[in-house]
Asker: 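Take this structure, written in structure tokens, and hold onto it; I'll ask about it next.
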Amino acid sequence: MASAATGATGWYRGRVKAVPSGDCLVIVAIASTKPGPLPEKTITLSSLIAPRLARRGGVDEPFAWESREFLRKLCIGMEVTFKVDYTVPSINRDFGTVFRGDKNVAMLVVSQGWVKIREQGQQKGEVSPYLAELLRLEEQAKQEGLGRWSKVPGAAEASIRNLPPSAIGDPSNLDAMGLLAANKGLPMEAIVEQVRDGSTVRIYLLPEFQFVQVFVAGIQAPQMGRRAASETVVEPELTADETNGDVSGEPRAPLTSAQRLAVSTSAETAADPFAHEAKFFTEMRVLNRDVRVVLEGVDKFSNLIGSVYYPDGESAKDLALELVENGYAKYIEWSANMMEEEAKRRLKNAELQAKKSRLRMWTNYVPPPSNSKAIHNQNFTGKVVEVVSGDCVIVADDSIPYGSPLAERRVNLSSIRCPKMGNPRRDEKPAPYAREAKEFLRTRLIGRQVNVQMEYSRKVAPTDGSVVSSVAAADSRVMDFGSVFLLSTAKVDNDDTLSSTPAAGSQQTGVNIAELVVGRGFGTVIRHRDFEERSNYYDALLSAESRAISGRKGIHSAKDPPVMHITDLTTASAKKARDFLPFLHRSRKVPAVVEYVLSGHRFKLLIPKETCSIAFSFSGVRCPGRDEPYSDEAIALTRRKIMQRDVEIEVETVDRTGTFLGSLWESRTNVAITLLEAGLAKLQTTFGSDRIPEFHLLDQAEQSAKRQKLKIWENFVEGEEVSNGATVENKQQEVLKVIVTEVVGGGKFYVQTVGDQKIASIQQQLSSLNLKDAPVVGAFNPKKGDIVLCYFHADKSWYRAMVVNTPRGPVESPKDMFEVFYIDYGNQEEVPYSQLRPLDQSVSAAPGLAQLCSLAYIKIPNLEEDFGQEAAEYLSELTLNSGKEFRAKVEERDTSGGKVKGQGTGTILAVTLVAVDAEISVNAAMLQEGLARTEKRNRWDRKERQLAFDNLEMFQEEARTSRRGMWQYGDIQSDDEDTAPPPRKATTGGRR
């Protein structure tokens, strides 16, 4: 065996693994160059004879146990130096001298009287080299009456253990259930007598010396296989065959006599990989050691299941956890269910880490496919602007301007699941406690500063959130998950105090919101599969869930869930909405909660006092519409100011669509004034100032924005016409000869000017480019807004394109998808990285040739609206698919749009479009088919515009009377913005 000592001297160093008796040691090498368990040797102390411990059916010799205990406590686990003095081949046993430090172990044993000196052997040399000194020490011990030489009357008889039947090989006498009932959960002192395999030990329970076999709870080590019939079993316990585990991890019943006979005549079964290593690992830690055993349960075959703890310095270590952490055992659910939740979590986490590190028995482990992916370095700070549900919030990133579409990020709370809010469109009602969970978060988070630690993303099916296969990956969406921490705890209840500690290496600050939700019983913790990403604070979440279950909180309560009936007037008739008007008029100001921001000036409000939801809009104040410039900024500002906040409203009236009109205050601030001051709204002066509450304050706010030329007033000139928030330049009529290159819906389309020399020049430059092979991944990294060269499969040609969207993180594969906008044609598509090439500055610098246009004087529904799809198809038929040239008369030129995704890169032209061979304009044809309607007239319209309306309204009337398209069910109701509130009654002394 390997040793630090030189083999030439015959002395070796090792560590004592076991002490079978008072004169025998099992010593293992300290190190080895070979893999697997270390070499070992059994050494019997030369010239000594210790009293023998009982074997099956026998009894101890006097002082046998004390003799073994003295040597065990002296040497177990200790480093020793030894030498083989002689070998007796007839019994295949090595006899030697052992030193612990500078002390001769044999002399220490003899001096305490626990052994006697063997008579001289039959052959010369079969004696200890220290025989003379040993004889002297023996004589001294006899004279002093030490150990087995005790002169106390009855001492020899008293030293013989009174072993119960189970300790002498009769396991049928073991009352496993009785033993468990008397000691469940209590630490029991024991000595490990044998290690059957890495996760099965045989022990003496002290002080009664009850001998039992214990399967370590929650784990299973690799199996040792069955012994061959010729193998000699020297231990007094049951043979390993009799309780061998099956492949499921659950122990088998004890074998019958016939089965034993079958086993004894069968060939030896090979051990599982790493079985010997696992057994050796356990032996080196617990064999012949004092341990504590906690019985956890009994299986259906009356096998004892327990946890084993062994000393390690000043602390105690869990054998199961050590085996799993080192890759010598796997987690077993059926026996782990007998343990405490905390212990189960530790074992499960240890196994996961061992699998990730591919330790030992997991060397060839192949992780199952996972639909989750870790997110790195995406932590940010912001304000919560919306609580979607108990496990989902929307946070406005402080580092991004609020008008940007990327400013608000949806964060799903990692590793928890709350009751679903349902979908009103599909008549799905909220699940029990769903409203309570959402309201719990709203009152604590809305408008509050939080830290967000993004942790992982997951692909989910768009319908039910289930995991998708690779076949359906194209139809899936990605959800981002993270932990949210409330920076200030001023509003956190006393019941919300947390006992969790940060995960290792984390930077937790504030209160973990997910832990807060789970601890109050409003959510459950997701049981992740192996290798599935999870919260960095997963253990804290499980602890919070345990507290909620034990406290019977929320969804864990036996009580019926609370019920709230809300009348939703946003989907009811206008008449029903008007019926509620008297209730809202009873008080000057009515408390409300903003449920949704529908536009910059229109909201859905919850009125708790009246248990109803209403549509609400400002009186006489309008923000840009959804398709107009600064619409997104107006919505973003309103969301940050009042989304899900407690507000007060004063209702004036109800319009024809059932929308309530009035004023709204948040923290005593009129929100309409905030919008006007920011240049994101304007007054509807056609209503008349006497109909608008606090008109003088609103007017002052608008005038201030005009003077500073903010947002919609950036091109404002006193006396210049302004329409719908977009500056309109009135110039001499301009007629362009064009072809339509793309229809994008909503009456918008792209054109190229016929005969434009720029087009021919760009095409010539592109055709002359020397295109190389696809760039190496990572060498070329297009960013959003870059102009690149893109391959268009439809005609197998290369065109200029602007990058609109990029994959997350750096490019990792030629198949990574980019969204591009062809700047010379107006169409968009997703293409792989392999279809992109860098473009020379001389070619990319020229402006895009596609001009975005809209049909003047008419409104065409967007694609998601009724008849939007039909309108787009018909417009494509008339223009794009016809291949004709058109005359485009420019009626208005809108220069306020700027760069907008899907709306080109410059000015939007409102045109009257007429085919060269057509009798009527495309504008009129759309009205005639009932796929559009005329814009609203204004009294300040110029004469040319009034004449155009007169002409177009004839075609609209034709569609109306013929019930075509959108007119098939009769007249279309006007938008709520067309309706003004009634005049306010004259009052004195300020506001009424």
Side-chain angles (χ1 to χ4, degrees), residues 1 15 17-18 26 28-29 32-42 192-203 213-235 237-252 254-255 263-264 266-289 291 299 303-308 310 318-336 347 350-351 354-355 357-366:
M1 59 184 282
R15 191 176 302 279
K17 183 182 84 170
V26 179
V28 299
S32 174
T33 57
K34 297 180 180 180
L38 297 173
E40 64 181 50
K41 183 176 284 292
T42 302
V192 176
E193 285 297 300
Q194 183 192 358
V195 175
R196 198 201 73 176
D197 57 46
S199 58
T200 310
V201 294
R202 289 162 178 166
I203 62 175
Q213 178 170 265
V214 176
F215 291 85
V216 181
I219 67 166
Q220 183 182 39
Q223 298 297 290
M224 290 295 296
R226 291 201 169 107
R227 301 173 187 268
S230 61
E231 185 173 344
T232 303
V233 180
V234 298
E235 293 81 12
E237 298 81 28
L238 301 176
T239 63
D241 303 316
E242 292 178 338
T243 50
N244 193 25
D246 62 18
V247 294
S248 67
E250 186 170 348
R252 294 174 178 164
L255 302 182
V263 168
S264 67
S266 65
E268 182 176 4
T269 304
D272 293 340
F274 294 99
H276 293 287
E277 290 88 340
K279 180 181 178 183
F280 182 78
F281 182 89
T282 300
E283 286 176 335
M284 290 302 295
R285 283 153 181 79
V286 302
L287 182 59
N288 288 166
R289 309 289 182 101
V291 298
D299 70 6
N303 293 308
L304 289 171
I305 314 296
S307 299
V308 178
Y310 65 92
D318 182 352
L319 176 62
L321 188 60
E322 291 292 306
L323 284 164
V324 175
E325 283 180 340
N326 287 277
Y328 286 124
K330 62 183 178 180
Y331 174 82
I332 298 296
E333 187 74 32
W334 70 266
S335 63
L347 289 178
E351 182 187 63
K355 287 178 177 177
S357 303
R358 288 183 167 82
L359 285 177
R360 298 181 177 89
M361 65 182 293
W362 306 112
T363 300
N364 300 317
Y365 178 75
V366 178

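Quick note: numbers below take in every heavy atom, side chains included, and nothing from hydrogens, waters or symmetry partners. In this text the structure is predicted, and so the values were computed from the model without any measurement. One-based numbering along the sequence shown.
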Asker: Answer yes or no: is there a side-chain heavy-atom contact under 4.5 Å between Leu347 and Leu321?
Answerer: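 SC-SC contact between Leu347 and Leu321 confirmed.
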Asker: Report yes if the side chains of Glu277 and Arg360 come closer than 4.5 Å at any heavy-atom pair, otherwise no.
Answerer: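 No, their side chains stay 4.5 Å or more apart.
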Asker: Can you give me the closest heavy-atom contact between Leu319 and Val216, atom names plus distance?
Answerer: CD2-CG2, 4.2 Å
Asker: For residues Leu323 and Gly198, report the shortest heavy-atom separation together with the two atoms involved.
Answerer: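 Residues Leu323 and Gly198, closest heavy atoms: CD1-O, 3.1 Å.
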Asker: Keeping the roles fixed (side chain from Asp318, backbone from Ala320), state whether a donor-acceptor pair exists under 3.5 Å.
Answerer: yes
Asker: Are any non-hydrogen side-chain atoms of Ile332 and Ile219 less than 4.5 angstrom apart?
Answerer: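 With C-beta onward as the side chain, the pair stays apart.
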Asker: Can you tell me which residue among Val201, Val308, Asp197 is in a side chain to side chain contact (heavy atoms under 4.5 Å, CB included) with Thr282?
Answerer: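 Among Val201, Val308, Asp197, the one that satisfies the side chain to side chain contact (heavy atoms under 4.5 Å, CB included) with Thr282 is Val201.
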Asker: So, for Ala221 and Ala278, which heavy atoms are closest and what is the spacing to 0.1 Å?
Answerer: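 Nearest heavy atoms, Ala221 then Ala278: CB-CB, 4.2 Å.
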Asker: Considering non-hydrogen atoms only, spot the tightest contact between Gln213 and Leu304 and give its length.
Answerer: O-CB, 3.7 Å
Asker: With the side chain counted from C-beta on, respond yes when Phe215 and Gln220 share a heavy-atom pair under 4.5 Å apart, and no when they do not.
Answerer: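 Heavy-atom side-chain distance check fails, nothing below 4.5 Å.
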Asker: Rounded to the nearest 0.5 Å, what separation is found between the CD atom of Glu193 and the CG atom of Leu287?
Answerer: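 So the CD of Glu193 and the CG of Leu287 are separated by 8.0 Å.
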Asker: Under the 3.5 angstrom rule, does the side chain of Asn288 hit a backbone N or O of Val192 as a donor-acceptor pair?
Answerer: yes
Asker: Do Tyr310 and Arg289 have side chains that approach each other closer than 4.5 Å (heavy atoms only, starting at C-beta)?
Answerer: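 Counting from C-beta outward, Tyr310 and Arg289 never come under 4.5 Å.
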Asker: To the nearest 0.5 Å, what is the distance between NZ on Lys355 and CH2 on Trp362?
Answerer: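 Lys355 NZ to Trp362 CH2: 4.5 Å, rounded to 0.5 Å.
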Asker: Any side-chain heavy atom of Trp334 within less than 4.5 Å of one from Asp299?
Answerer: yes
Asker: Distance from Phe274 atom CZ to Leu359 atom CG, nearest 0.5 Å?
Answerer: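 Output value for this atom pair is 9.5 Å.
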Asker: Find the distance between NE2 (His276) and CE (Met224) and round it off to the nearest 0.5 Å.
Answerer: 4.5 Å
Asker: Between Val214 and Gly306, what is the shortest heavy-atom contact and its length?
Answerer: CG1-N, 3.7 Å
Asker: Can you name the residues that form a side chain to side chain donor-acceptor pair (under 3.5 Å) with Ser307, not counting sequence neighbours?
Answerer: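 Side chain to side chain donor-acceptor pair (under 3.5 Å) list for Ser307, sorted by chain: Glu296.
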Asker: Counting distance only, does the side-chain N/O of Arg196 pair as donor-acceptor with the main-chain N or O of Arg202 below 3.5 Å?
Answerer: no
Asker: What pair of heavy atoms forms the shortest contact from Gln223 to Ala275, and how long is it?
Answerer: O-CB, 3.2 Å
Asker: Could you check whether any side-chain heavy atom of Leu38 comes within less than 4.5 Å of a side-chain heavy atom of Phe280, counting everything from C-beta outward?
Answerer: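 Heavy-atom side-chain distance check passes, below 4.5 Å.
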